[in-house]
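First comes the structure, then the notes that go with it.
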Amino acid sequence: DVKVTQSSRYLVKRTGEKVFLECVQDMDHENMFWYRQDPGLGLRLIYFSYDVKMKEKGDIPEGYSVSREKKERFSLILESASTNQTSMYLCASSPRGVLQETQYFGPGTRLLVL
Amino acid sequence: DAKTTQPPSMDCAEGRAANLPCNHSTISGNEYVYWYRQIHSQGPQYIIHGLKNNETNEMASLIITEDRKSSTLILPHATLRDTAVYYCIVRVFGQTGANNLFFGTGTRLTVIP
């Protein structure tokens, strides 16, 4: 079974803090994604990566950065957290190839910025 | 990517078949229909996908109309654990570049004991 794990299920941070969200997948997938999910807005793509050290902006990259130093790990960084970044953050991975559109999601991190 | 329309909510009795509809009238010839679901407080889970033929796997069946403008996800024997939000997405299979999925607001299925 594909397993995507995220470092925290719940996180509370203060405005201005630097926040790291870690995601690890154990299936040797090339592609990894970070989404945020907000009520009424569905999932919105923040960043994705299709290889180590490669990254591409998604729909809402402002205020975020990412790091992919190893194939299995994709980190999302909030350089200076703001209250409008309070959200559910979801990491996903997918293999390159025949079923690359089948994404496997982690359990999510619910972030509250005070 | 084509837009999809789903009813916001549905109920289904436990043990009965749950039929979840999705309209995608602007779907193009090379776009696939995907279904995911999200159980409360968990990440989305892939269910099934198809192009024009009906598909079945261990979780569900997917019925796509001949004109491909709509589809139905069928959970043959719904259980309480199937209570979730179900998302219908249309997407070009194998598209390079932005490999993201657009999730709308989905259908909240409640399975009633």
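Just so it is clear, the structure is predicted and the values come from calculations on it, not from any experiment. Values below: every heavy atom of this structure, side chains too, minus hydrogens, waters and symmetry copies. Convention: sequence-line order gives letters A, B, ...; per-chain numbering from 1.
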Hphob cluster co-occupancy, A/Tyr104 + A/Met32, side-chain heavy atoms under 4.5 angstrom
no
Within the supplied structure, the quantity of interest is the number of heavy atoms (other residues, nucleotides, ligands) at a distance under 6.0 Å from A/Arg44 CZ; does it exceed 12?
yes
Chain B heavy atoms under 4.5 Å from A/Gln37: which part of the residue, side chain, backbone, both or neither?
side chain
Of the listed residues (A/Met88, A/Arg9, A/Glu56), which shares the most heavy-atom pairs with chain B below a 4.5 Å separation?
A/Arg9
Could you tell me which non-hydrogen atom of A/Leu90 sits nearest to which non-hydrogen atom of B/Pro44, and how far apart they are?
CD1-CD, 3.8 Å
Would you kindly confirm whether A/Val66 and A/Tyr35 end up in one hydrophobic cluster when ILVMFWY residues are joined by side chain heavy atoms under 4.5 Å apart?
no
Please check if A/Phe105 and A/Tyr47 belong to a single hydrophobic cluster, counting links between Ile, Leu, Val, Met, Phe, Trp and Tyr side chain heavy atoms closer than 4.5 Å.
no
